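Bear in mind that the values here come from a model prediction, so they are computed numbers and not experimental data. In what follows, every chain begins at residue 1, and chains take the letters A, B, ... in the order their sequences are listed. Values reported hereafter were calculated over all heavy atoms of this structure, with side chains retained and with hydrogens, waters and symmetry mates removed.
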There are 2 protein chains.
Amino acid sequence: MQNTHEKLELFVKKCKEIGLKITPQRLAVYEVLLKSYNHPTVEEIYEEVKKMYPYVSLATVYRTLETLEKIGLVKRVCFWGNSARYDANTSEHHHLICEKCGRIEDIDLEQKLAIPENLQGFKTHSYSVNIYGLCSECQSNQQA
Amino acid sequence: MQNTHEKLELFVKKCKEIGLKITPQRLAVYEVLLKSYNHPTVEEIYEEVKKMYPYVSLATVYRTLETLEKIGLVKRVCFWGNSARYDANTSEHHHLICEKCGRIEDIDLEQKLAIPENLQGFKTHSYSVNIYGLCSECQSNQQA
DNA sequence: ATAGAAATGATAAATATTATTGAAAAGTTT
DNA sequence: AAACTTTTCAATAATATTTATCATTTCTAT
Ligand SMILES: [Mn+2]
Ligand SMILES: [Mn+2]
Ligand SMILES: [Zn+2]
Ligand SMILES: [Zn+2]
């Protein structure tokens with residue numbers, strides 16, 4: 001597992017390769033996402049970035065996330081609620097989702113699925129497992 | 001596997017039990033979803049319902065889908081794009097998603113995952129697998 | 001048939017996302 | 001370095017999606 005600093009260096013390297021400019025905003029958006037483990041919404045990332053760059057625009061955050069996704073450094077996750085959430089952890093991993101509050105946690109599943117490369121005409125390349133349930137907090141709230 | 005008619009009867013029965021009124025709009029929305037196997041968006045369901053009830057309101061479709069989900073007759077799926085999609089197939093099954101065009105197909109995976117009832121404090125109750133790839137149509141388009 | 005409760009339709013409001021645009025920054029050529 | 005071209009930026013406008021409001025209609029039990 002790489003640390004934030006190494007990941008940021010990788011980002012800089014990748015940008016140079018592709019010919020993307022390394023702007024403070026891009027770095028800030030990526031850094032915020034690297035440091036957050038709760039799969040934040042665009043709005044949440046925006047609020048965090050604003051602490052460093054108060055004049056940043058929400059549209060810039062949207063654009064940057066789109067760019068980061070395109071070059072494969074972040075993933076868009078969208079299993080709950082109706083706003084997109086992002087994840088800087090691009091390694092194959094799975095999610096535990098609270099159906100009450102929407103909390104999304106990473107989970108490392110030992111069990112692996114063997115997915116055929118071709119399935120119903122699709123050429124497959126990855127899979128993800130979402131496990132649904134109630135987080136501990138929501139469980140205690142429900143009892144009350 | 002029940003047919004549409006049986007499912008609609010079950011719906012009527014369930015409504016009576018819970019005290020929900022059986023309105024033509026509700027039946028129409030559910031019927032449209034029962035007959036569609038492509039996980040349509042709300043807008044798509046609305047367009048279909050309008051063919052039967054030209055004066056139906058989009059808000060009613062949203063409301064009805066929410067109600068149907070609440071009583072467990074439909075599921076909201078949201079893995080691609082940024083509008084909700086619905087599925088009247090509530091049995092445990094999984095999905096094949098084309099990352100190019102967003103097509104979502106059902107898939108019957110023989111492999112099963114054994115999910116512990118308790119995981120990281122969560123009380124789990126179900127899981128779903130999303131397999132990502134390119135549909136056959138998008139594969140041929142890409143070669144051109 | 002009537003009354004009361006609940007649902008609908010039309011529309012407004014709220015959220016979420018994308019497109020546009022002019023300016024600034026960076027890169028190139030001379 | 002100046003002039004020119006290209007890329008990116010930020011702000012805003014525009015669009016898309018979802019939810020709330022409320023007067024009216026419909027459903028259901030009596
Ligand atoms: Mn994750
Ligand atoms: Mn399905
Ligand atoms: Zn929760
Ligand atoms: Zn496709």
Notebook entry, point to check: So, do Y127(B) and H94(B) have ring centers that fall under 6.0 Å from each other?
Noted result: yes
Note to self: Measuring centre to centre across the rings, with the benzene-like ring taken for any Trp, is F79(A) within less than 6.0 Å of H95(A)?
What the structure shows: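 Ring-ring flag for F79(A)/H95(A): true, centres closer than 6.0 Å.
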Note to self: Regarding E9(B) and K13(B), does a basic nitrogen lie under 4.0 Å from an acidic carboxylate oxygen?
What the structure shows: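 Looking at E9(B) and K13(B), the cut-off is not met.
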Checklist line | Under 3.5 Å donor-acceptor, S57(B) side chain and A59(B) backbone | finding: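 At least one qualifying donor-acceptor pair exists.
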Note to self: Quick check against the 3.5 Å criterion: does Q120(B) have a side-chain atom that pairs as donor or acceptor with the backbone of D106(A)?
What the structure shows: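 Yes, the answer is positive, given that a donor and an acceptor are paired below the 3.5 Å cut-off.
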Notebook entry, point to check: Can you find a side chain N or O atom of S57(B) that sits less than 4.0 Å from OP1 or OP2 on dA10(C)?
Noted result: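 Indeed not, no polar side-chain atom of S57(B) lies that close.
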Check: Taking it one step at a time, do E99(A) and H125(B) satisfy side chain to side chain donor-acceptor pair (under 3.5 Å)?
Finding: CA-CA 10 Å; E99(A) 287 193 320; H125(B) 70 72; 2.7 Å; yes
Tell me: [atom1] of [X] to [atom2] of [N], nearest whole Å?
X      : N       : atom1 : atom2 : answer
R26(B) : dG9(C)  : CZ    : P     : 11 Å
Y53(A) : dT8(D)  : OH    : C1'   : 15 Å
I18(A) : dT8(D)  : CD1   : P     : 11 Å
L65(B) : dA7(C)  : CG    : P     : 15 Å
Y46(A) : dA11(D) : OH    : P     : 8 Å
K50(A) : dA11(D) : NZ    : C1'   : 13 Å
R85(B) : dA16(D) : CZ    : P     : 16 Å

Margin query: Considering every strand and a 4.0 Å limit on heavy-atom distances, what is the contact class for G19(A): base, sugar-phosphate, or nothing?
Written below: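 Touches sugar-phosphate only.
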Next item on the list: Take nucleotides 17-30 of chain D nucleotide by nucleotide from the 5' end and write B, S or -, depending on whether a protein heavy atom sits under 4.0 Å from the base, only from the sugar-phosphate, or from neither.
Entry: SBBBB-----BS--
